[in-house]
Amino acid sequence: MTETTTHSRPARRAREPLRTAAALLAAAALVYNAWVLEAVVPTGLDPRHAYVSELYAVGSPYRWLFGGLELVCAALIVTGAVAGGAAATDRLGRVGWWALAGVGLCSTADVLMPMACAPSVQPGCRAVHPAHTVTSALVHCCLFACMTLLVHSARRRGEPRSVARWGPLFAGGALVSSLCTVGPLLGYGGWHGVAQRCHLLLVGAWLALLAHGARTPCPPPGAPAPPVARPRRPRRATRGLLRGARGLLRGARGGRQTG
């Protein structure tokens, strides 16, 4: 009894940060796509041709709403990543979780250094805003580093299976959709808003995938192996009784025929 209690306490301590990470990242997955509120909030932007960052650009009517939700999401990502990193059992996993924390920190800087204007609706407003462009680039660098490291860690350890199986698909889709958003930065605008919103949906799905994976972690190194199942003796005993009964029936039949 003492031995079981000794092993269960560390296991419970290891699961607590993962449960915290799962809850925080599940909430972040929802808040990350708060831009869907533009369907009911009169932002004055065309979602097909406007960056989501324009929702909290300087002078935007609902900057406080969308910028505030972005900051809340960033805080959820950072705290969830710290909790996940505290429970990581390998180096790749820990670095991957810290890269996810970088996503939240750079997203915070992205809001604090917003676009000076909304290029999709304001003539003469350039799409490149140096500080905001740099912070957005850092968000993507941390994001794809996080995806690469956590997927590789999951495939190497075999757990979480959901991250190992679906992570590469989400990472590939997020990469392609993000590349489709750079048109205005190169002087070729139009329909980049659709690509960016697809990208954000995929990132939200990635956060939800990490939340699901954190709920089903692999056992930590050094955990006791499950007990080896012993052969079931009752079945063998039953088979022996059946064979003995058959032998008695055969002997009885042979005695009748002889008599």
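Computed from a prediction, not measured in an experiment: that's the story for all the values here.
- In this structure, the separation between CG on Leu65 and OG on Ser60 is 11.5 Å, given to the nearest 0.5 Å.
- Under the 4.5 Å side-chain criterion, counting only non-hydrogen atoms from C-beta, Phe144 is in contact with Ser178.
- The environment of NE2 in His212 is sparse: at most 12 heavy-atom neighbours from other residues, nucleotides or ligands sit within 6.0 Å.
- Here Glu38 pairs with Arg197 in a salt bridge; the nearest charged N to carboxylate O distance falls below 4.0 Å.
- Taking hydrophobic clusters as Ile, Leu, Val, Met, Phe, Trp and Tyr residues chained together by side-chain heavy-atom distances below 4.5 Å, Tyr56 shares a cluster with Val41.
- A centroid separation of less than 6.0 Å is found between the aromatic rings of His140 and His199.
- In this structure, Arg156 does not pair ionically with Asp90, as no charged nitrogen and carboxylate oxygen lie closer than 4.0 Å.
- Residues satisfying the ring pair (Phe, Tyr, Trp, His ring centres under 6.0 Å) test with His132, not counting sequence neighbours, are none.
- The main-chain N or O of Leu149 is never found under 3.5 Å from a side-chain atom of Ser153 such that the two would form a donor-acceptor pair.
- Side-chain contact check for Arg155 versus Pro168: some heavy-atom pair is nearer than 4.5 Å.
- For the atom pair Leu143 CG and Leu138 CG, the distance stands at 12.5 Å (nearest 0.5 Å).
- In this structure, the side chains of Phe66 and Val111 stay at 4.5 Å or more apart for every pair of heavy atoms.
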Criterion side chain to side chain contact (heavy atoms under 4.5 Å, CB included) on Leu69 and Leu37, from CA distance to verdict: CA-CA 11 Å; Leu69 289 171; Leu37 292 175; 3.8 Å; yes

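- With 3.5 Å as the limit, one finds a donor-acceptor pair spanning the side chains of Ser120 and Glu54.
- Leu175 and Val163 fall within the same hydrophobic cluster, where Ile, Leu, Val, Met, Phe, Trp and Tyr residues are linked whenever their side-chain heavy atoms come under 4.5 Å apart, directly or through other members.
- Checking side-chain atoms of Thr79 against main-chain N and O of Leu76 turns up a donor-acceptor pair under 3.5 Å.
- Residues Cys146 and Trp206 form a side-chain contact, since some pair of their non-hydrogen atoms from C-beta on lies under 4.5 Å apart.
- Taking the side chain as every heavy atom from C-beta outward, Asp110 and Ser136 approach each other to under 4.5 Å.
- In this structure, Leu25 CG and Leu30 CG are separated by 11.5 Å, a value rounded to the nearest 0.5 Å.
- Less than 2.5 Å separates the SG atom of Cys125 from that of Cys117.
- Linking Ile, Leu, Val, Met, Phe, Trp and Tyr residues whenever their side-chain heavy atoms come within less than 4.5 Å places Leu55 and Leu71 in a single cluster.
- Atoms CG and OH, from Leu202 and Tyr32 in turn, are 10.5 Å apart once rounded to the nearest 0.5 Å.
- Within the 4.5 Å cutoff, the side chain of Val194 has heavy atoms near those of the Trp191 side chain.
- Between Tyr51 and His192, the two ring planes are tilted [angle within 30° to 60°].
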